[in-house]
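I have a structure here, written as structure tokens, and I will follow up with some questions on it.
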Amino acid sequence: MKTRTLLLAALILPLGFAVAEPPPGEQPVDPYEVSNANAGADPFEGTALFEAFNGEAGIGRIVDDMVDRNLADPRIKDIFAASDLVRLRRTLKEQFCYILNGPCDYTGMDMKSSHADHGITNREFNALVENLQLAMNTEGVPFRAQNKLLAKLAPMQRDVVTR
Amino acid sequence: MRLEIPVVLVGLSVAFAPVCAAQKLELRGKLLLTRGVSNLEGAGGGALTPWALITGNGTDRGIGATAHYDYVTVNDYGLTSYGAAVGLYDRFEVSYSRMALDTRDVGAALGLGEGYEFAQDVWGVKMRVAGDAVYGQDTWLPQIAVGAEYKKSNRDGLVQALGADESEGVDVYVSATKLILAESLLANATLRYTGAHQIGLLGYSDEASLQPEFSLGYMLSRRLIVGGEYRFKPDDLAFAKEDDFLDLFGAYAVNDTLTLTAGYVDLGEIATFEDQRGLYLSAQVGF
């Protein structure tokens, strides 16, 4: 049994598939190919934006604040209520950090797969954008820098919004 | 004859409605300011020119509506506009506006009487045909809409005496609007085919021409945008020169219901009175 698992892992790992064992506190997910391309946007050049977001610590606070706002937002709280919030926070932080050209790799799923089952509408997508804007305001990210990140996230609407 | 284009567009929107009625209708949902304000003629857009954005806060799964009141005061004239517009499924827009030019002392000078009013009713339709101004940040394709405005002067007879061929007419236009988020800019270009004298307040010529209109705005926050607009106009009246319009504006979304706009306008020469510059104020409410 143990040998089989190891064999399987040896076969899967070189292909870049996620390890079956989830990080602490997270629920297991079906295997998928891990790649920075899953982040859905190319990173910025330079360090100015990463600094404008107060680095990894700032991004962490923004994501936590945004997720908290989403959970309290009657427009979209039901979508998040059923999610693995530990994993969601981690992968969102990775995604923002990667796009802002911080020292992170994105290990989450691509935008289409991760939103496929949620039946998200434009209204709900915009509600999340609004909560992200409020979280970025709270962190003190300059409006121009906020918009640069939003410009990278906006086209994801095509994969995220399915109805 | 002149009504054909608006009727076809209204027909299209009515035909489209039952398809969407099967879903649960959603109200509100657009991001702040992305419905535009209301222009003088009642369409969603800037102060002087329509944009490709659809009025109201409704998304592709809902409807929205706005009402506006504009007050413009320049050296020798006052101009007011009030009206309402409905946005359907972020696809169609139907608008009505009543615009009135108060000639104040000019009316007396022209022998019409002090405070004589040139007014017009404007019925507008707009249909979004391509692109997405907000989400399409990875493409140069702007949001594109086509529209038509039927305008009818309340001074049938007089406007002809002043040189117009008709007291009513139709403008058709195409607008392209792009939010350039990475630069915090909003840009719009509209091309209008029109024979209107002073946007229709002084009637219509039978000879129409293509006139471009431009808007550029810079977003200072998610509630505040400042910018300017330039609207080319025909100059076909024999008795008076007609100039292009321009403005500098600031629009502030108090919340997703109320947007206030204030600005400086230069309307140029109107009915032989030059340098008509002054203040533009507008309130728009909507859902």
Side-chain angles (χ1 to χ4, degrees), chain A residues 37 39-46 48-49 52 66 69 73-76 78-79 99-101 111 115 119-163, chain B residues 19-20 22-35 53-54 56-64 87 89-91 128 131-143 178-187 217-226 252-253 255-256 287:
Chain A
D42 294 328
F44 288 100
E45 286 173 13
L49 273 176
M66 176 183 76
R69 288 175 192 271
D73 187 333
R75 296 173 296 181
I76 50 176
D78 292 345
I79 298 168
I99 293 172
L100 292 165
N101 203 24
M111 292 303 101
H115 296 87
I120 291 168
T121 64
N122 278 315
R123 183 177 185 266
E124 290 158 351
F125 185 87
N126 289 347
L128 181 136
V129 172
E130 218 173 276
N131 291 337
L132 173 56
Q133 287 180 311
L134 295 172
M136 291 188 293
N137 282 347
T138 302
E139 182 61 25
V141 179
F143 185 64
R144 277 183 62 85
Q146 294 184 17
N147 285 343
K148 285 187 191 291
L149 176 63
L150 292 178
K152 292 273 193 185
L153 304 182
M156 296 175 189
Q157 178 263 1
R158 291 194 286 269
D159 286 333
V160 171
V161 173
T162 52
R163 71 186 175 111
Chain B
V19 180
C20 301
Q23 306 170 346
K24 189 172 167 245
L25 203 62
E26 290 180 352
L27 297 180
R28 302 186 186 263
K30 276 202 186 106
L31 291 164
L32 282 178
L33 289 174
T34 62
R35 71 179 187 214
L53 305 175
I54 300 297
N57 293 344
T59 66
D60 58 335
R61 295 165 57 84
I63 62 166
Y89 312 109
D90 204 19
R91 173 69 60 188
R128 175 180 171 184
D132 192 298
V134 180
Y135 304 128
Q137 295 299 315
D138 54 347
T139 162
W140 278 105
L141 179 73
Q143 182 162 324
K178 185 87 195 164
L179 186 63
I180 308 162
L181 258 181
E183 303 304 326
S184 301
L185 290 174
L186 186 136
Y218 180 71
M219 292 178 289
L220 290 168
S221 78
R222 63 194 196 98
R223 297 183 183 280
L224 180 64
I225 182 167
V226 295
Y252 184 78
N255 48 42
D256 70 350
F287 67 87

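Lettering of chains follows the sequences in order, A, B, ..., and the numbering in each one begins at 1.
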**Request:** Go through the atoms of A:L49 and report whether side chain, backbone, both or neither lie under 4.5 Å from a heavy atom of chain B.
**Result:**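 Nothing of A:L49, per the 4.5 Å heavy-atom cut-off to chain B.
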**Request:** Name the region of B:I180, side chain, backbone, both or neither, that has any atom closer than 4.5 Å to a heavy atom of chain A.
**Result:**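 It is neither, since no heavy atom gets under 4.5 Å.
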**Asked** Does the distance from a Lys or Arg side-chain N to an Asp or Glu carboxylate O, for B:D138 and A:R158, drop under 4.0 Å?
**Response**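 Between A:R158 and B:D138 there is a salt bridge, with a charged N closer than 4.0 Å to a carboxylate O.
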**Prompt:** In Å and rounded to the nearest 0.5 Å, what is the CE to CD distance from B:M219 to A:Q146?
**Reply:**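 Going from CE on B:M219 over to CD on A:Q146, the span is 11.0 Å.
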**Item:** Nearest heavy atoms of B:Q137 and A:A151, plus distance in Å
**Value:**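 So the two residues come closest at CB-O, 3.2 Å.
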**Residue that, paired with A:N122, satisfies side-chain contact (heavy atoms from CB on, under 4.5 Å) out of B:D90, B:V134, B:L31, B:D60** =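 Between A:N122 and the candidates, side-chain contact (heavy atoms from CB on, under 4.5 Å) is satisfied uniquely by B:D60.
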**Asked** Taking it one step at a time, do A:R144 and B:E183 satisfy side-chain contact (heavy atoms from CB on, under 4.5 Å)?
**Response** CA-CA 7 Å; A:R144 277 183 62 85; B:E183 303 304 326; 3.7 Å; yes
**Prompt:** Between B:L185 and chain A, which part of the residue has a heavy atom less than 4.5 Å away: side chain, backbone, both or neither?
**Reply:**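 For B:L185, no heavy atom lies under 4.5 Å from chain A.
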**Request:** Select one option (side chain, backbone, both, neither) describing which atoms of B:S184 are under 4.5 Å from chain A's heavy atoms.
**Result:**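 Answer is both: backbone and side chain atoms of B:S184 are under 4.5 Å from chain A.
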**Message:** side-chain contact (heavy atoms from CB on, under 4.5 Å), that's the test. Do B:L181 and A:K148 meet it? Break it down for me.
**Reply:** CA-CA 6 Å; B:L181 258 181; A:K148 285 187 191 291; over 6 Å; no
**Asked** So, B:R222 side chain and A:L134 main chain: donor-acceptor pair closer than 3.5 Å or not?
**Response**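 Answer holds: no.
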**Message:** When you measure from the side chain of A:N126 to the backbone of B:G29, do you find a donor-acceptor pair of N or O atoms at a distance under 3.5 Å?
**Reply:**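 Yes: the side chain of A:N126 pairs with the backbone of B:G29.
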